[in-house]
Structures are given as C-alpha cells and as structure tokens.
Amino acid sequence: MKKIMNQPSDIVTEMVQGLVRSYPELLKQIPETEAVVYNQDLNCHPQVGLISGGGSGHEPAHAGFVGDGMLTAAVCGQVFTSPTPDQIYAAIKAADAGRGVFMIIKNYSGDVMNFEMAQEMAAMDDIEVRSIVVDDDIAVEDSTYTQGKRGVAGTILVHKILGAYARSGAELEAIERLAQQIVPNIKTIGVALSGATVPEVGKPGFELAPDEVEYGVGIHGEPGYRREKLQSAEQLATELVGQLKKAHHLTAGEHYAVMVNGLGATPLMEQYVFMNNVLDQLAAENVVVDFTKVGDYMTSLDMAGVSLTLMKLIESNWTDKLKEPVTTIGW
Amino acid sequence: MKKIMNQPSDIVTEMVQGLVRSYPELLKQIPETEAVVYNQDLNCHPQVGLISGGGSGHEPAHAGFVGDGMLTAAVCGQVFTSPTPDQIYAAIKAADAGRGVFMIIKNYSGDVMNFEMAQEMAAMDDIEVRSIVVDDDIAVEDSTYTQGKRGVAGTILVHKILGAYARSGAELEAIERLAQQIVPNIKTIGVALSGATVPEVGKPGFELAPDEVEYGVGIHGEPGYRREKLQSAEQLATELVGQLKKAHHLTAGEHYAVMVNGLGATPLMEQYVFMNNVLDQLAAENVVVDFTKVGDYMTSLDMAGVSLTLMKLIESNWTDKLKEPVTTIGW
Amino acid sequence: MLTVENTLKWLALFNQAIQTNQAQLSALDTPIGDGDHGHNMARGMTAVTEVLADKAPTDVPAILKLTAMNLITKVGGAAGPLYGTAFLEMAKKSAETLEIAPLLSAGLAGVEKRGHATVGEKTLIDVWQPVIAQLEQGPLTAEAVTTAVEATAALRATKGRASYLGERSIGHVDPGAASSGYLFTTMLEAGINHD
Amino acid sequence: MLTVENTLKWLALFNQAIQTNQAQLSALDTPIGDGDHGHNMARGMTAVTEVLADKAPTDVPAILKLTAMNLITKVGGAAGPLYGTAFLEMAKKSAETLEIAPLLSAGLAGVEKRGHATVGEKTLIDVWQPVIAQLEQGPLTAEAVTTAVEATAALRATKGRASYLGERSIGHVDPGAASSGYLFTTMLEAGINHD
Ligand SMILES: Nc1ncnc2c1ncn2[C@@H]1O[C@H](COP(=O)(O)OP(=O)(O)O)[C@@H](O)[C@H]1O
Ligand SMILES: Nc1ncnc2c1ncn2[C@@H]1O[C@H](COP(=O)(O)OP(=O)(O)O)[C@@H](O)[C@H]1O
Ligand SMILES: [Mg+2]
Ligand SMILES: [Mg+2]
Ligand SMILES: [Mg+2]
Ligand SMILES: [Mg+2]
C-alpha cells in the first residue's frame, strides 16, 4: 500500500482537519465531531438544512458539496463505514435554522440505520427531520428479499437539485416530495479497472488481472456483475449505456443529464474520452442531453474506473437547478 | 497499461471532443485544431486575451481553466508534447479582441520555441502578443548553462491572478509587468509515488519500488533529485516545505498562498492529510497563509503523488485576485 | 443470571476475542462485504472497555447502557446500530429481569426492528435466534454457537452490504454472525448460561 | 548537390529510418527526457511523406518548404520547431544554391537561433556541426555520422528537457542527435554528399 498518510487510524481526523483548514471560508468543523457545516450564519437567510454523509473515502463527497446552493452540513464516517448517530445528530443540530432538516442518505443498511437513529435523537429536540434514501446503482438487481440497490454517484445530483430548491426557500415537505420524484429518475452504473485499498486494511479489496475490468463494482469494492478483458472506451460505453438504456426504458426525444464520475485514480483525460463515446451513443438514440458533467465526484479511494449516471429530466426545472451556480469545493 | 481509451494516437482528439461536448456553455473548439476558446462573444467586453497550453496529460490544465476570469483559450498538444505553432497561432487569433494577447508558457524548450513561432506568425497579422515563461519548479537547480527550471503547478496561480486582472480591464503591458512580478514569487516542488504511462508508450516512464518515492520528479516524469523509502505524510511535508523554505528564504510574518496539487492518481483524502501537515509546519514558521487550495490542477496522467506550491504574497491585491470567483471547469 | 461481576467479565472476554480476531472478522467481510467488520467492532469494544474501566458502573443496567452508548457512537456501519440497539434494549429490560434469555430476547427484538431483518437472511440474527431458543430451554453449549455461526455459510445474503453479492455470498460465513459467535462463547466463558 | 530526385529519395529513406527506429528513439528519450522523440518524429515524417506524395512538388525549394511546414505543424515538442526551422532555412537558402554544405549550414544556423543552443550542450547540434564541417572539406562517411551521434553520450545535457537531468544524462546518447544521425546516413544513402 502506497499512500500519503500518517497513522491509518487517524486518516479521517486528519483529512477533515486538512479540509476545513484549506477552506475556512466555506467549512467549519462541528466541535468534537468529524462533521462539517457551512461556515455562515445560517440564521441570516434561514432555509431547510440539507445534510448528507456516509463513510469516508468518497471525496469530494460529501463535505466537498457543502456550501451555498448545495449541502448545509456533511458527516464523515470512518473509511467506508457509516458515521455514528451522535455525529449525524450534531450535523442535524448545526444545519437546523428553524425550518427543519432534510437528510440525503445513500442506500447502505449502515447509513440508513445510523441516520434513522440520529433522526430519533433530533425528534427529542423537536427538530423536524425528513429524509430520502438514494438507490441509483442499477448494477446489481436483487430479488424482492433485498434492501434494494446501492446509492452511488447519482447522489450528487440529488444534492445539487435539492440544494438549489432549498436555497430558493422551498419548505421541508416540498423538498421531500421533490426528492421522491427525482431519485427514481437517477440511474448509475460503473466499471472498475482496479480495487481500492482501505488504509487500515493495507491491500486492495479485490484484485483484477492487468487486462481485466469488472462491471458494476460498488463504491466500497462490493462485487459487480461481470468480469471481462478491458476493451476500448467505446465498448465500455456500449455496455454501460446499454444497461442504463434498459433500466430507464430510454426513448427517443427524452431529456437527460449525463454525469461521468471518476472513481479516484482515473485521469480526467480518460474520463473525457469515455464521455465522448457516451455522447455519441446517446446521440444515436436521439435523446436530448441538457446537462453534462465529468470529473471525480463520488470516488472510491484509489480505485481506477468510472461510473456513468443518467438522470431523466422530466421537469425542465430540474435542468435549471442543475445549472445554477453554487459555491462549493467539489461541484 | 490499463486505460479507458480507444486508439492511443486518437486520445487527444477524443479528449478535446469529450471536453467541449461536456461543457458547451464554456468551451468551443477552434476549427481544425485541438485548441479551445471561451464560448462567448469576446467583443462584448473586450479584454486582453490570455492563452496557455502545452502537452496534454495535465488535465484539467489548461483547457479546464478557460472561462470567465481565467484563460481565454488553451492549446492541447499531443500527450507530453508541446503543441505546434499553427495551433497556438489559431488560439491567439481566437483570443484576440483587439487588445492584444498574453501567452502563459511553462518553461520547456519545446513550449518556448513553439509559442515563440506562433507569436512570429501573429506579428504578421498585427496582433500584439506578449508572454511570460513560468519556471516555478525548484526541484532541479541546474548550473548557469541550463535553460533554468521547469514550469509546473504554480502556472495555475498565474492563470488565476492574470485572469482576474485581464477581466478587470488591465492593459497588455500592465499584465506583462504583473506577470514578471508574480512569477519569481511562485515556487513548487513535488514528490511522485509512481510513474505516468503515456498511452502511445504503454509502460510507465519510470518505475519505483512498492515502498519508494522520488522527490522532484517533473510533470512528464523527468528525473527528480532523490529516491527514498515512503515515510509518513508528515515527513513528506517536512522535505517539501523545507526545500521551499530555503528557496523562498521564508521568514516569519510573510504572507503565502499554498496549493497542494494531486498528480493524477492520488485521492483527495491523501491530499487533505498532506495539506494538514503542511499547514502545521507553516504555522510553526509563523507565516500567514491567506489562500489555500487542494486538488488536481496540473496532473501528470496517472502519476501518483503531489506537488506543493508556495506563493509569496507581496501585494495584498494578489490575494484578492486569487479569491475572486471564476467560471471554469477546473478552478 | 447477570451480575455486575460476570457482565464485566463477559465484556472483557468479548473485547479480547474481538481484538484477537479483528483481522479474521474483516477478512470474512471482504469477499461478501466491505472488509471493515473487525475494525468496526474492535474500535467499539476498545471504547467500551475504556469507559467501563473509567466509569466503573456498579449495576448491570448501567454497564449495559454504557456498552450500548459506546457501541452506538464508536462502531458505525451496520454493526454499530445493531449491537448498540441490542445492548440498549438489554439495558432497558435489565430493570425488570437479570435472566439472560429474556435479556437477549429483548436485544434481538431491537436488532430485528432496527435492521428490518429476520431469520434466514444471513445476518447476526441467525446466531442470536438459535442461541436464545436453546437458552430458553436449557444450557447453551459452545458447540451450538459454533454450529449456528457456520450454518450462515450456507445462506444467501439478502440484508446489509453483503446482500449485494446475492448468490455469490453462499459458502462464506457472515461476519456479523461470527462476531456474535464470539459474543456468546465469551458469555459462556464468563459463566453466564441458562439459569 | 540537391536535385528533386535525390531530395525526395532522401526524405523517403529518412522517413523509413524514423518509422523503423521510432521505438528506439523514444527509448533513448526515456531516461533523459520524456520518452516521446520517436513518436514525435514519426508523426511528422508520416505527414511529410503524405504531403509530398499528394502535392508532388517539382523543385527543391518547394520540397524543402513543404517538409518544413509539415514538421512545424505536426511534430510539436522541441524537435518540431528545430527540424522545422532547419528545413525552412534550407528552403530559403535553396533559392541561392543547391550545394549541400551551405544548405545544411543555413539549417544549423536556424536551429541555433531557435533553440539558443550551441555545440557541446548534448543536442542534435552536436551531430549537425561535425557533419557540416566534414562536408565543407570533403566527402562525409556514415562512420563519421555514427561517431558524432555516439559522442553525445559523453556530454552533459544542458538544453531541452534532457537538461533537467544534468549529470545523470551522461552516458546516454541524445535522442535528437540519434534522429539527426538517421537524417545524415539516409542523405548519404540517397547519394547526397560533398560535391
Ligand atoms: N439489516 C440488517 N439486519 C441485521 N444484521 C445486519 C443487517 N445489515 C447488516 N447486518 C450485519 O452486520 C454485519 C456487517 O457489519 P459491518 O461490516 O460492521 O457493517 P457494514 O456492513 O456497514 O460495513 C453483517 O455481517 C450482518 O451480520
Ligand atoms: N534548445 C535546444 N536546442 C537544440 N536542440 C534541442 C533543444 N532542446 C531540445 N533539443 C533537441 O530535441 C530533442 C528532444 O526532442 P523531443 O523529445 O521530440 O522534444 P521534447 O524535448 O519537447 O519532448 C533533444 O534530444 C535535443 O536533441
Ligand atoms: Mg462498512
Ligand atoms: Mg515532449
Ligand atoms: Mg462491513
Ligand atoms: Mg521528448
């Protein structure tokens, strides 16, 4: 394992310190937690507080999306481990400006349970808390017995759209309704070229042969649905676009937002090349692409690979909200 | 070599296409080139055109810094190869709004010669062109026979400050004078954890043992000044801050901007941890840090590692200009 | 029957077992999860051990509550809320009874409610449930615990991160089942059993 | 003395040599530079070869100018401006004379001006200069070319990317010197020599 770090067990603490010290105008650490909150007087323009979080190792998610027009606070758990309820509770309190708090949770049972416990704690303080569970990863379709699909890079689009609505004054109920409308329209699928190494573990969560890729790997290295030889960017795009087409029942004339997300160790050059192939294939389907974004948003430590998110834009408002300028580190 | 690409020889062409298709509101490709220009009517608010460029493989540099408040145009050469004069000339013409064009060149003999030839071509069109050669990399101090030091991540700070001045209406001469003032105050040094693989070459430019780092490696994999065992982030910071302290004759009370730049394959988590150590050491020197930035700005394909840039802020104006909001992909 | 002494002994032995088997528990979590279960439990039990030494609680409900709070605030992941809720429900129940079977039964009910899971979904429930069933009828044996742990290998995961592997989880012991295995074998070592 | 025939033959042979030795030239550029010299030259000479076939120029200045323009616009890096300028200056000079020594001499002057370099700095100049000196006095031999190329190994790089290696460049042949070696050996193969 070759990482720039000190003690592996201190990595999250030091990361959060480095982050808030680098962006003091944007972020402040909530005392005695590894959660950060927008460093502004939130009571000046009180809005519904938006919080998110999860295990660390997905930077810039989620702390990098705290700021004007996106999240109010974010909670950084241990690497790939959901944060604890006390930390989430602290973020809820810090984000509350009297208009309630909305939690954006990625669908992992740990996250769901810890955020739920924090919500129970907040209820005792009479802070109204609602939430949405994002489950955009179509990679692994489970039977009806499962808790469903994973939450991955599409979560960032949820931050963006809800953030824009919250900034413009939307009430907690309206944000909840909107969240329920947008999440089913966001679908993501990824391909990994290498595994990620958790600092405390010291070796990659899985290994791929030098010429092998795995489709559908989760952002914590959870197994995907198929391994095969690495082919061209065009063929990777064919596979991922093909899966998303099916999942969206994609039809000519529909409007989409497209996000290519680097998983951590894949250079932007490759991401742009991949996006070029994706846009070719979407053009061939005669869908209208209204919004595009390429870069590292929801990473998986040092994993190489990309994910592709297609969001069906049913309301033209959603496009406007995606395009609104924000002040954050990572958007 | 495991890369998301199609034909290695097409990678720059496809990258530029993917880029402009992803950000049509910001960028447009200059016909028949691999150069991009800010996609606005430049004659609406005519300003001095700022252009930069160089070999590709350093994304988001330089095309990612084209936009309001930074560059007007950028030229993308082949991977690690300076672009040709005709392409640079096309960028000069596209960036000119009648007030002249200023070129920000990284100090590599190929870049210097190609930009110079482009300037000669532009002179025949009566476009006034001035330039600065950025040589911020203190890693390899050569004898007086050399052409000096390399230009690396500090170039981005030059884009930012000159971009802010150009936007606010500064004349070509003023920008040239300012460039000459700021560049000597910008110093950078890096450490690599792995080599970069040029797509057409197919194997890393250099190899390091699994526990080895090399200090002072160039952004094209040029040899650095020392190899040793990877130690802690704190010790890496001690080495790099130590070298920069010497080069700056750093003194208590001075003001600095600090940029930690990922070289391509190093996750943000590690960059924040490293920045935390850097800020500790600068605090111990009693210097004032007015501006901080962490992320991938001047990468070297899939190289792992970071560079550290310290800019001595002699004028408080420079800090303001660094902090001014811009609309670009990469800042 | 829980006493201050045997409860503290139990938690001390459980801590030892977790620390000793930390790497193995994370290794079990690697093929079917995200490889952190051992680290998560170790972080939590280190905190529990410290706080019990520090606060020196003098009654069983206090011990269980401190344990619960520290598991909840230190473990994270899925295991934190689940073990935390289990101990919290046991703490509440211990105001009524100190008999082990009803206590564990209250804990299990909390786990099921928190995780919306039930028997057969390849989770720690698949150890808690047979252990409690046996304790309700008579003494529990270490063999029975081990059997329950190993029986999870045959199950298909449908809950938690492991569920994302589906069919491919079959053949691997569930990490949460394994850590619960240590919970119950150390309980026996501490002399706690059917009363 | 350059003619349309021998100039075209020269450039065709040079192209072949570059394509054949592309990997070797990039390999020479790896320890002391950025590993692209072979690719750069190959891209340029492919374009030159195509345009010469396409445009079929009928006089030496036109051939040299087309070559120059395509090297300038296709090679990039340091080699593009240097080889491009060399051929551009040769094209200009070819209006006056078609003798090889003064043509190459004009090319070298262009290289020196463009790159601000001189003999002894471990660049292609260290091949051009002795080659021209010999041609001015009498026939050039392939051995003399090879000797000049190999002599660059002993030099310390101070110009171009290679310069950043300083002392460590000693012992490696300069890639630009090596490609210039092919330029002059193919010139001899094309029958161009001291007149
Ligand atoms: N919904 C659930 N109900 C009951 N137990 C669960 C549930 N989800 C996960 N588990 C248990 O938690 C264990 C995983 O814990 P851990 O690895 O610490 O958390 P995470 O899955 O968040 O990484 C699983 O092996 C399983 O026994
Ligand atoms: N300033 C210079 N003057 C003369 N020759 C130079 C100069 N800089 C570089 N060279 C030559 O160019 C060669 C490198 O060319 P190439 O690798 O194609 O470009 P780059 O160095 O930009 O990657 C060197 O081997 C050297 O012979
Ligand atoms: Mg986990
Ligand atoms: Mg080069
Ligand atoms: Mg786990
Ligand atoms: Mg080179």
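By convention in this document, chain letters (A, B, ...) are assigned in the order of the sequence lines, proteins followed by strands, and residues within each chain are numbered from 1. Atom set for the values below is all heavy atoms of this structure, side chains included, hydrogens, waters and symmetry mates excluded.
- Between the K2(B) side chain and the A209(A) main chain, a donor and an acceptor come within less than 3.5 Å of each other.
- In terms of non-hydrogen atom pairs under 4.5 Å with chain B, the most contact-rich of Y23(A), F274(A), F291(A) is Y23(A).
- In this structure, the portion of E25(A) lying under 4.5 Å from any heavy atom of chain B is its side chain and not its backbone.
- When each of V213(B), V16(B), V273(B), I11(B) is scored by its heavy-atom pairs under 4.5 Å with chain A, the top score falls to V273(B).
- Ion pair R226(B)/E239(B) flagged as a salt bridge, since at least one NZ, NE, NH1 or NH2 atom sits closer than 4.0 Å to an Asp/Glu carboxylate oxygen.
- Note on V260(B), V79(B), L279(B), D10(B): by heavy-atom pairs under 4.5 Å with chain A, the leading option is L279(B).
- Neither the backbone nor the side chain of T13(B) comes within contact range of chain A; no heavy atoms are under 4.5 Å apart.
- Note on V306(B), T327(B), L208(B), L193(B): by heavy-atom pairs under 4.5 Å with chain A, the leading option is L193(B).
- Counting only distance, with no hydrogens or angles, the side chain of N261(B) and the backbone of M298(B) share a donor-acceptor pair below 3.5 Å.
- S307(A) is not listed as a side-chain neighbour of I189(A), based on a closest heavy-atom distance of 4.5 Å or more.
- Relative ring orientation between F65(A) and W331(A) is described as perpendicular, the plane-to-plane angle rising above 60° on a 0-90° scale split at 30° and 60°.
- D68(B) has its side chain within reach of Y38(B): a pair of non-hydrogen atoms, C-beta onward, lies under 4.5 Å apart.
- For L236(A), the part sitting under 4.5 Å from any heavy atom of chain B is the side chain, from C-beta outward, and nothing else.
- Proximity to chain B is absent for every atom of V20(A), based on heavy atoms less than 4.5 angstrom apart.
- Residue with the most contacts toward chain A among Q271(B), R21(B), M275(B): R21(B) (heavy-atom pairs, distance under 4.5 Å).
- For a residue to count as touching a neighbouring chain, one of its non-hydrogen atoms must lie under 4.5 Å from one of that chain's; by this rule K323(A) touches chain B with the side chain only.
- Residues V289(B) and T292(B) come closest through the heavy atom pair CG1-CG2, 3.7 Å.
- Contact tally against chain B (heavy-atom pairs below 4.5 Å) for Q7(A), M303(A), Q17(A), K3(A): the top residue is K3(A).
- Counting heavy-atom pairs closer than 4.5 Å to chain B, the top residue among V258(A), T266(A), N277(A) is N277(A).
- Among L301(B), T299(B), V12(B), D296(B), the residue making the largest number of heavy-atom pairs under 4.5 Å with chain A is L301(B).
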Begin with the C-alpha distance, continue with both residues' side-chain angles, and end with the deciding distance and a verdict on side chain to side chain contact (heavy atoms under 4.5 Å, CB included) for F80(B) and I219(B).
CA-CA 9 Å; F80(B) 287 1; I219(B) 55 170; over 6 Å; no
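- Pairing each heavy atom of R227(A) with each of E212(A), the nearest pair is CD-OE2, 3.7 Å.
- Although no hydrogens or angles enter the test, the distance criterion places no donor-acceptor pair under 3.5 Å between the side chain of D290(A) and the main chain of A257(A).
- Heavy-atom pairs under 4.5 Å with chain B peak, among D302(A), L268(A), V278(A), at L268(A).
- Only the backbone of D211(A) comes within less than 4.5 Å of a heavy atom in chain B; its side chain stays farther off.
- Among all heavy-atom pairs drawn from V191(B) and L263(B), the shortest one is O-CD1, 3.7 Å.
- Of the two parts of I329(A), only the side chain, counted from C-beta on, holds a non-hydrogen atom closer than 4.5 Å to a non-hydrogen atom of chain B.
- Both the backbone and the side chain of P60(A) have a heavy atom closer than 4.5 Å to some heavy atom of chain B.
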